[in-house]
Every structure is written in structure tokens, then in C-alpha cells.
Amino acid sequence: DVKVTQSSRYLVKRTGEKVFLECVQDMDHENMFWYRQDPGLGLRLIYFSYDVKMKEKGDIPEGYSVSREKKERFSLILESASTNQTSMYLCASSLFSRGQDTQYFGPGTRLTVL
Amino acid sequence: KNEVEQSPQNLTAQEGEFITINCSYSVGISALHWLQQHPGGGIVSLFMLSSGKKKHGRLIATINIQEKHSSLHITASHPRDSAVYICAVSYTGTASKLTFGTGTRLQVTL
């Protein structure tokens, strides 16, 4: 059974803190994604990675960075958290293929920045 | 303006009703996805289709490429179908990246 796990379900941080969100997949997938989900805006892509140490900006990368040192792990970093980064963060992975990919999602991390 | 539009935004139905959720998009795509999100956050992929029709249990997804439109149907709806249903598309040349609609919140009552 495919599995994508995220390090925390709920997280509360203070403005200015450095925040790490971790995602691990056990499916040997090439692609991994970080999204944020906000009411009325849907899911928006922050960053994605198509291979170890490879990354590409999504639609809203400002204020975020990522790290992929191992194939199974993709980390999202908020260098200096701000209140407008309060959101639900979802990680996903997909198997690279020439055709269309199904994405498998983690359970999400609800981050509150005070 | 979102490139992927869903309607309705909210839908309430009684158990047993036939439900239709619509999705339209603006430019050519390589695939369209329907996803389900239950309260608590987890998202599950229901269908991925690039033409025609797919069926899984009580769920049916159709797509009309010429009209740039897809529908998700639920037959004999049940309260456990209550969830947010999300349409997403992948564009030609960017097969792995998805653009999402804002979702349709479905509530099925007894």
C-alpha cells in the first residue's frame, strides 16, 4: 500500500522562527511536491522536485525553500515564518513516467504562525 | 481567475440522489484528475482521464475534450460520500504538475 507521511499533523510556531516540514514516501517515486491549501484558493504548488537534489519553483515559492537529499524525503523550509504562511501544507509524490501521473498525498500539516 | 473552474461550490443532497459536479478548463490538457478530500485533510485520487469515461463503483467520470469540460457523477449517494471533490488538470509538456480547481463541498444527508 502506498504511503506518504508528514512529520506533524498540527504545528504552532512564532513569527520569525525557522520551520521545517518533512515528507517521506515509501514508493520509490521520482516526483515530490509541496502544496499549500487555503479556503477559496484551492491547492497551490509551492515547489516540486523531479529527482534527488533537483527542484523547481511552483506558483508561490516566495518565503519558502526546499531540500531533497534522499529520494524518499522532501523537506519544506520556512526561513522566517510569517503570519500569512498560516495554512494547511500538503505533500504529494508521483512516479515519473512519460504518461500522466497519479499523485499520492500525505495527511497534511496544519501550520499556525502566531 | 482560476484556470480550472468547478461548479457548484457547495452541494447538499439527500441520500440516494444522483449527483453531478462539473469542471471546466481553459486550454488543452494532457489529463484531468478528480480527487476527494475528507474532513481532516487527506486527499485521495479518484480518477485520472484524458478521454471518454471511467467508472469505479458508484462514481463515474466523463470528459469532453472539445468542450474542455468534465463531470463527476455519484449514483445512489450516501452520507459517507460527504467530502470536498477537487478537479485538477495537467498540461501538455508538464505532465507531472497539476493545476487545481477550488473544490466542491458535498454534504449528503439522511
Side-chain angles (χ1 to χ4, degrees), chain A residues 1-6 8-11 21 23 27 29-51 54-61 74 87-111, chain B residues 1-10 21 23-26 28-52 54 56 59 61 63 65 70 83-105:
Chain A
D1 204 14
V2 299
K3 202 163 184 184
V4 179
T5 57
Q6 295 183 227
S8 306
R9 291 300 306 271
Y10 299 93
L11 208 51
L21 302 182
C23 175
M27 297 165 282
H29 283 174
E30 301 286 342
N31 300 324
M32 295 188 76
F33 307 83
W34 274 108
Y35 300 97
R36 63 176 283 175
Q37 184 179 31
D38 300 288
L41 297 177
L43 282 95
R44 293 178 291 166
L45 180 64
I46 304 171
Y47 267 98
F48 77 101
S49 168
Y50 48 91
D51 200 352
M54 306 302 284
K55 61 187 179 186
E56 205 168 302
K57 291 180 181 179
D59 301 317
I60 49 164
F74 191 34
S87 187
M88 169 71 94
Y89 290 88
L90 288 143
C91 174
S93 72
S94 70
L95 178 66
F96 177 75
S97 71
R98 290 183 62 83
Q100 303 91 5
D101 294 350
T102 294
Q103 291 194 14
Y104 296 88
F105 287 82
T109 296
R110 189 167 294 282
L111 173 67
Chain B
K1 184 173 189 268
N2 201 325
E3 299 168 15
V4 179
E5 298 283 343
Q6 284 186 239
S7 63
Q9 283 189 309
N10 294 283
I21 299 170
C23 176
S24 59
Y25 51 92
S26 54
I29 62 171
S30 63
L32 185 139
H33 302 247
W34 282 103
L35 307 123
Q36 180 191 56
Q37 184 174 29
H38 278 286
I43 295 176
V44 175
S45 180
L46 298 174
F47 295 104
M48 179 176 61
L49 63 166
S50 55
S51 65
K54 286 191 176 180
H56 181 68
L59 301 178
I63 188 168
I65 297 296
S70 175
V84 176
Y85 292 84
I86 302 169
C87 172
V89 300
S90 54
Y91 295 108
T92 304
T94 63
S96 295
K97 293 170 63 176
L98 297 179
T99 299
F100 296 82
T102 54
T104 295
R105 185 174 300 275

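Just so you know, these numbers come straight off a predicted model, no measurement behind them. The chains referred to below are lettered A, B, ... by the order of the sequence lines, with proteins before strands, and numbering in each begins at 1.
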(request) Applying side-chain contact (heavy atoms from CB on, under 4.5 Å) between A:Leu43 and each of B:Thr102, B:Leu98, B:Ile43, report the one that passes. (result)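 When B:Thr102, B:Leu98, B:Ile43 are each tested with A:Leu43, the side-chain contact (heavy atoms from CB on, under 4.5 Å) holds only for B:Ile43.
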Identify which part of [X] has an atom lying under 4.5 Å from any heavy atom of chain B, answering side chain, backbone, both or neither.
X: A:Tyr50; value: neither
X: A:Gln37; value: side chain
X: A:Arg110; value: neither
X: A:Leu45; value: side chain

(request) Evaluate the criterion side-chain contact (heavy atoms from CB on, under 4.5 Å) for residue pair B:Leu35 and A:Phe105; output intermediate values, then yes/no. (result) CA-CA 10 Å; B:Leu35 307 123; A:Phe105 287 82; 3.7 Å; yes
(message) Looking at B:Arg105, I want to see if its CZ is surrounded by more than 12 non-hydrogen atoms of other residues, nucleotides or ligands under 6.0 Å.
(response)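 At most 12 heavy atoms, drawn from other residues, nucleotides or ligands, come within 6.0 Å of this atom.
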(request) Considering only heavy atoms and a distance below 4.5 Å, find which of A:Glu56, A:Gln103, A:Met88 pairs most often with chain B. (result) A:Gln103
(message) If I measure from the heavy atoms of chain A, does B:Gln9 come under 4.5 Å with its side chain, its backbone, both, or neither?
(response) neither
(message) Could you report the tightest heavy-atom contact between B:Lys97 and A:Phe33, atom names first, then the distance?
(response) CA-CE2, 4.5 Å
